[in-house]
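A short worksheet on the structure shown next.
Remember, it's a predicted structure, so these values are computed and weren't measured experimentally. So that the names make sense, note that chain A is the first sequence line, chain B the second, and so on, each numbered from 1.
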There are 2 protein chains.
Amino acid sequence: MTEHSNDHTSQSEHNHSHCIEQALETAESLCAEHGQRLTKVRRRALELIWQSHRPLGAYQLLAKLAEEGFNSAPPTVYRALEFLLSAGLIHKVESMNAYLGCAHADKPHKGYFLICDECQNVMEFDYQDIHKILIDKAATQGFQLRSETIELTGLCSSCQNGDDEGGCK
Amino acid sequence: MTEHSNDHTSQSEHNHSHCIEQALETAESLCAEHGQRLTKVRRRALELIWQSHRPLGAYQLLAKLAEEGFNSAPPTVYRALEFLLSAGLIHKVESMNAYLGCAHADKPHKGYFLICDECQNVMEFDYQDIHKILIDKAATQGFQLRSETIELTGLCSSCQNGDDEGGCK
DNA sequence: AACAAGAATGTTATTTTGTAACATTCTTGT
DNA sequence: ACAAGAATGTTACAAAATAACATTCTTGTT
């Protein structure tokens, strides 16, 4: 299980700069490997997505990019997102229309998410058992699986305990 | 497994009027049970969703309702959808922004879907094993599960065989 | 039958999310 | 330097969803 975002209150803004650095390094080498170009916008978009403690909407990202002098028209951000998605460097959380850094970009990645209804923090988990079960289940219907969207919501342990109430937005 | 939509070509428009009747009867009795009102728009919306052979977008539904003299402003359809969703009579397919009749509205329902990339037909399946596994998996993280979005895409058997190519839109 | 209260719907306007289409610029290999 | 393709800029629009407030419809009660 990867704790993608933090469990701390907004007071003690945990900086997960290590995760971000790691993610960017992975991104660099993956792109190099595949002859893809991690341009300035793309790189910065990925960084901003990682810096966010919860999934980031396209237009939120666009605003941040605009602040830094990047072009502020929608295609800019959607192109960057498309690139990052197809490179497997981020996931889209369909039920939130938001985007999230992928912690296992180097491995074949199915994004399985636990999303807290209260604080919107997201945990990504990699669970091969489920993957296999789903493939089998689909196969029994003659269905050939291509992609999986698994988004679970509920209450994270912090929010069950009331730890983050009001402090986590 | 419930074959929600048909496997036939557009030529032999399968009429699943039986499924629709069934769904509406279930809807009637569920609403009666819970003191909820299945009004004209709501009833007709549900019927139209069921009549569609694939998940129906809100605005597609709105257009159909408008044709029949219902009010044609967005809130009309979104209110109907909200009602049907919260009554468990339909599901939203998040990855398609589209809505689908629920075949097990009477039981506690988690909508698990197999969506064909080619013909967009959707099968809903009820798989308690997965449900249990997911609950357990979440619990090991102290996460209390509330809702599950499971949407699998790929190729249905017909489309793998090229059966429906061009005939299934 | 009249009436109050709440549910449902009507209406207008706006927000949020995502694309289409075409022009320009940048990068890379020759 | 230069051609070709990749990436980005620009303008306009489409698609999906909601806010806020007015009106009408139901239903239970007098």
Same hydrophobic cluster for B:I133 and A:I150, using side-chain heavy-atom links shorter than 4.5 Å among ILVMFWY?
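Yes, same cluster.
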May I ask you to decide if the ring planes of B:Y112 and B:F125 are parallel, tilted or perpendicular, using 30° and 60° as cut-offs?
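Judged by the thresholds at 30° and 60°, the geometry between B:Y112 and B:F125 is tilted.
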Can you find a donor-acceptor N/O pair under 3.5 angstrom joining the side chain of A:R79 to the base of D:dG9?
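Pair found.
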Whole-Å gap separating [atom2] ([N]) and [atom1] ([X]):
{"X": "B:L81", "N": "C:dA8", "atom1": "CG", "atom2": "C1'", "answer": "15 Å"}
{"X": "B:F83", "N": "C:dA8", "atom1": "CZ", "atom2": "P", "answer": "7 Å"}
{"X": "B:N97", "N": "D:dA14", "atom1": "CG", "atom2": "C1'", "answer": "13 Å"}
{"X": "B:E94", "N": "C:dT16", "atom1": "CD", "atom2": "P", "answer": "18 Å"}
{"X": "A:L62", "N": "C:dT15", "atom1": "CG", "atom2": "C1'", "answer": "15 Å"}
{"X": "A:M96", "N": "D:dA17", "atom1": "CE", "atom2": "C1'", "answer": "16 Å"}
{"X": "B:R44", "N": "C:dT9", "atom1": "CZ", "atom2": "P", "answer": "16 Å"}
{"X": "A:Q36", "N": "C:dT27", "atom1": "CD", "atom2": "P", "answer": "17 Å"}

Give, for atom CZ of A:F143 and atom CG of A:L145, the distance between the pair rounded to the nearest 0.5 Å.
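Answer for the CZ-CG pair, A:F143 versus A:L145, is 6.5 Å.
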As an exercise, state the distance from CG of B:L81 to CG of B:L62, rounded to the nearest 0.5 Å.
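Interatomic distance, B:L81 CG to B:L62 CG, rounded to 0.5 Å: 9.5 Å.
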Minimum-distance nucleotide to [X] side chain [options: [options]]:
{"X": "A:Y59", "options": "C:dC22, D:dA16, C:dG18", "result": "C:dG18"}
{"X": "A:P74", "options": "C:dT12, D:dT8, C:dT19", "result": "C:dT19"}
{"X": "A:R42", "options": "D:dT8, D:dT10, C:dT11", "result": "D:dT8"}
{"X": "B:T39", "options": "C:dG10, D:dT8, C:dT9", "result": "C:dT9"}

Tell me which of A:A58 and B:N71 sits closer to the 5' end of DNA chain C, going by the nucleotide each one is nearest to.
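Nearer the 5' end of the strand: B:N71.
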Would you kindly compare B:P75 and B:G35 by the position of their nearest DNA chain C nucleotide and give the one closer to the 5′ end?
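First, find each residue's nearest nucleotide; the 5'-ward one identifies B:G35.
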Does B:R37 or A:V41 map to a spot on DNA chain D nearer the 5' end, using the closest nucleotide for each?
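On the 5' side of the pair lies A:V41.
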With a 4.0 Å cutoff (strictly under), does any side-chain N or O of [X] reach OP1 or OP2 of [N]?
{"X": "A:Y78", "N": "C:dG18", "result": "yes"}
{"X": "A:K92", "N": "C:dG18", "result": "yes"}
{"X": "B:Y99", "N": "D:dA16", "result": "no"}

Which stems, defined as runs of 3 or more consecutive Watson-Crick or G-U wobble pairs with both pairing distances under 3.5 Å, involve DNA chain C?
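Stem list for DNA chain C: C:1-30 with D:1-30.
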Do B:S95 and B:E151 meet the criterion of a side-chain donor-acceptor pair at a distance under 3.5 Å?
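There is such a pair (donor and acceptor under 3.5 Å, judged by atom type) between the side chains of B:S95 and B:E151.
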Is it true that B:T76 and B:N71 share a donor-acceptor pair across their side chains at a distance under 3.5 Å?
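Yes - a donor-acceptor pair under 3.5 Å links their side chains.
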For B:K64, is there an ion pair with B:E67 - N to carboxylate O distance below 4.0 angstrom?
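A salt bridge is absent here (no side-chain N lies under 4.0 Å from a carboxylate O).
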Could A:E82 and A:R79 be called an ion pair, given the rule that one side-chain N must be under 4.0 Å from one carboxylate O?
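Looking at A:E82 and A:R79, the cut-off is not met.
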